[in-house]
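Beneath this line is the structure, given in structure tokens, with notes to follow.
Given the structure is predicted, the values throughout are model-derived calculations rather than measurements.
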Amino acid sequence: MKLIHLSDLHIGKRVDEISMLEDQAYILTQILRIVDEEKADAVLIAGDVYDKSVPSAEAVTLLDDFLCRLSKRRLSVFIISGNHDSPERLAFGGRLFESSGIHISPVYNGKVDALTLSDEHGAVNFYLLPFVKPAHVRRYFPDAEIESYTDAVGVAIEHMGIDREKRNVLLTHQFVTGAATCDSEEISVGGSDNVDASVFADFDYVALGHIHGPQNIGSSRVRYCGTPLKYSFSEVGHYKSVTVVEMEGKGELNLRTVPLIPRHDMRELRGTFAQLTDRAYYSTIVADDYLRIILTDEEDVPEAVGRLRTIYPNLIRLVYDNTRTRTTQIIGSAEDVKRKSPLELFEELYEAQNNRPMSDEQRTFVQGLIESIREGRA
């Protein structure tokens with residue numbers, strides 16, 4: 001059985017106020033070509049289908065078009081909601097879509113039934129577990145000991161009634177311990193949303209979503225396929241692809257990737273204004289790529305953005321890296337904030353206002369409050 005693993009489409013995404021919809025339409029068409037070339041039996045979409053819980057009309061239209069085109073391939077499509085999605089909105093009409101082979105995870109209600117496909121080796125059971133927090137699972141299993149995300153996912157899996165003799169595939173959208181992250185992902189305080197990979201022991205393949213860089217966790221059996229496009233400049237070094245999963249008999253698994261070529265790549269350029277506007281230099285650059293330019297001039301260049309955009313029309317962000325910015329720590333300040341946890345940011349605010357650091361007792365209280373808010377208990 002051949003599966004195409006996708007995740008984190010983030011349809012409707014904007015990067016520094018630049019709409020990615022045209023780029024997303026382009027890459028989704030490319031994905032359809034890959035589905036055809038591979039003669040896939042099923043497509044797995046592991047969450048964060050939309051970028052916002054209330055997507056724009058244009059984003060909904062693009063997903064509708066993609067799913068309609070997939071349904072014409074006469075294959076099965078399995079979709080779960082991620083932390084960016086509204087599970088209620090994504091699941092709307094799901095029972096009607098099933099007749100077209102489109103299977104969307106319902107809002108988590110404590111029950112995850114297997115959806116079964118068959119090939120010459122027998123049955124393959126697919127389990128669709130959307131993004132869940134401990135509070136979501138605790139609601140349906142109040143007697144279970146659920147303190148962490150690992151506990152929550154473990155309890156949810158425990159109640160799936162998995163037949164270990166058959167081949168089993170899980171779609172889920174969580175941060176699995178050990179995954180390499182980047183700035184465009186939402187990760188909780190101190191890794192409190194980590195899920196240990198040991199909870200996936202009963203599955204032959206775990207199609208993960210949430211992390212934007214493609215990677216295996218421990219083995220090829222547990223994998224993030226990554227986003228189909230670059231969604232932040234922290235992803236400049238990523239090589240985007242779709243993951244092709246080939247399952248033979250029980251325990252026989254082969255993975256490979258098929259590269260995705262974007263309409264506009266995303267990259268960083270660094271140098272002085274004179275260097276970057278020198279024809280011998282910019283003639284070697286793909287001018288319409290999305291760019292973050294780092295100017296190293298010691299003095300600000302008048303109207304630098306407008307002048308650079310005559311050469312690089314898709315300049316998204318301009319920053320300076322020089323003696324002044326390094327001294328005042330201006331360079332990359334927005335990225336520094338994104339990398340800090342809410343607790344670290346609160347500690348900095350507290351110290352700035354009170355001229356002393358937080359005590360251990362205060363830190364523990366704030367940590368607990370943040371977690372309660374994240375789980376919807378505050």
Side-chain angles (χ1 to χ4, degrees), residues 3-13 20 24 27-28 31 42-53 55 59 63 66-67 70 76-87 89-91 94 102-108 112 115 126-133 136 149-150 152-153 156-157 169-188 193-197 199-200 203 205-218 220-232 235 238 240-245 255 257 260:
L3 315 174
I4 300 292
H5 177 190
L6 307 170
S7 77
D8 297 87
L9 306 181
H10 286 281
I11 297 176
K13 177 78 173 178
M20 302 296 289
Q24 291 169 333
I27 213 70
L28 290 176
I31 288 170
V43 174
L44 319 179
I45 305 179
D48 280 359
V49 178
Y50 292 119
D51 190 56
K52 296 183 181 300
S53 59
L63 178 64
F66 180 57
L67 294 182
L70 272 176
S76 294
V77 180
F78 300 104
I79 306 172
I80 62 170
S81 55
N83 58 300
H84 278 251
D85 298 308
S86 162
R89 288 186 173 88
L90 190 63
I102 309 294
H103 305 278
I104 303 175
S105 62
V107 178
Y108 182 73
V112 178
L115 298 166
F126 294 83
Y127 296 87
L128 311 187
L129 180 63
F131 174 73
V132 292
K133 297 180 180 181
H136 298 153
Y149 277 71
T150 297
V153 174
I157 290 172
V169 175
L170 176 70
L171 279 72
T172 192
H173 190 94
Q174 301 288 347
F175 176 45
V176 179
T177 303
T181 63
C182 60
D183 291 349
S184 53
E185 300 143 358
E186 293 182 4
I187 306 299
S188 292
D193 57 353
N194 285 17
V195 173
D196 192 278
V199 300
F200 304 129
F203 294 98
Y205 185 69
V206 181
L208 293 169
H210 192 34
I211 301 302
H212 290 191
Q215 58 195 283
N216 297 335
I217 305 298
S220 59
R221 194 176 56 81
V222 182
R223 178 168 174 80
Y224 288 105
C225 63
T227 56
L229 291 169
K230 298 175 184 179
Y231 287 135
S232 83
E235 299 177 44
H238 290 186
K240 301 301 184 180
S241 61
V242 299
T243 296
V244 180
V245 183
L255 302 186
T257 59
L260 291 170

Going through the distances and angles, do Leu28 and Ile11 end up as a side chain to side chain contact (heavy atoms under 4.5 Å, CB included)? CA-CA 10 Å; Leu28 290 176; Ile11 297 176; 4.3 Å; yes
Which pair of non-hydrogen atoms, one from [X] and one from [Y], has the smallest distance, and what is that distance?
{"X": "Leu208", "Y": "Ile217", "value": "CD1-CG1, 4.4 Å"}
{"X": "Ser81", "Y": "Ser105", "value": "N-OG, 3.5 Å"}
{"X": "Ala179", "Y": "Tyr224", "value": "CB-CE1, 3.7 Å"}
{"X": "Asp48", "Y": "Asp85", "value": "N-OD2, 2.9 Å"}
{"X": "Phe78", "Y": "Leu171", "value": "O-CD2, 3.5 Å"}
{"X": "Arg221", "Y": "Phe200", "value": "NH1-O, 2.9 Å"}

Validation row: [X], [Y] side chains within 4.5 angstrom (heavy atoms):
{"X": "Val169", "Y": "Val245", "value": "no"}
{"X": "Leu9", "Y": "Pro228", "value": "yes"}
{"X": "Phe203", "Y": "Val222", "value": "no"}
{"X": "Thr227", "Y": "Lys240", "value": "yes"}
{"X": "Lys133", "Y": "Asp193", "value": "no"}

What distance do Leu129 atom CG and Tyr108 atom OH have between them, rounded to the nearest 0.5 Å?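 Spacing of CG (Leu129) from OH (Tyr108) equals 6.5 Å.
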Separation between CD1 of Ile104 and CD1 of Ile80, rounded to the nearest 0.5 Å: 12.0 Å
Picking from His84, His238, His10, what satisfies ring pair (Phe, Tyr, Trp, His ring centres under 6.0 Å) with His212?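 Of the listed residues His84, His238, His10, the ring pair (Phe, Tyr, Trp, His ring centres under 6.0 Å) partner of His212 is His10.
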Whether [X] side chain and [Y] backbone form a donor-acceptor pair below 3.5 Å:
{"X": "His173", "Y": "Phe131", "result": "no"}
{"X": "Asp51", "Y": "Gly12", "result": "no"}
{"X": "Asn194", "Y": "Phe175", "result": "no"}
{"X": "Tyr149", "Y": "Val176", "result": "no"}
{"X": "His5", "Y": "Val206", "result": "no"}
{"X": "Asp196", "Y": "Thr150", "result": "no"}
{"X": "Gln24", "Y": "Leu63", "result": "no"}
{"X": "Asp8", "Y": "His210", "result": "yes"}

Checking Ile45 against Phe66 for the side chain to side chain contact (heavy atoms under 4.5 Å, CB included) test, could you report, in this order, the C-alpha distance in whole Å, the side-chain angles of both residues, the deciding distance, and whether it holds? CA-CA 12 Å; Ile45 305 179; Phe66 180 57; 4.1 Å; yes
Might you work through the side chain to side chain contact (heavy atoms under 4.5 Å, CB included) test for Ile31 and Leu260, ending with a clear yes or no? CA-CA 8 Å; Ile31 288 170; Leu260 291 170; 3.9 Å; yes
With side chain to side chain contact (heavy atoms under 4.5 Å, CB included) as the test, pick out the partner of Leu255 among Val244, Asn216, Leu3. Asn216
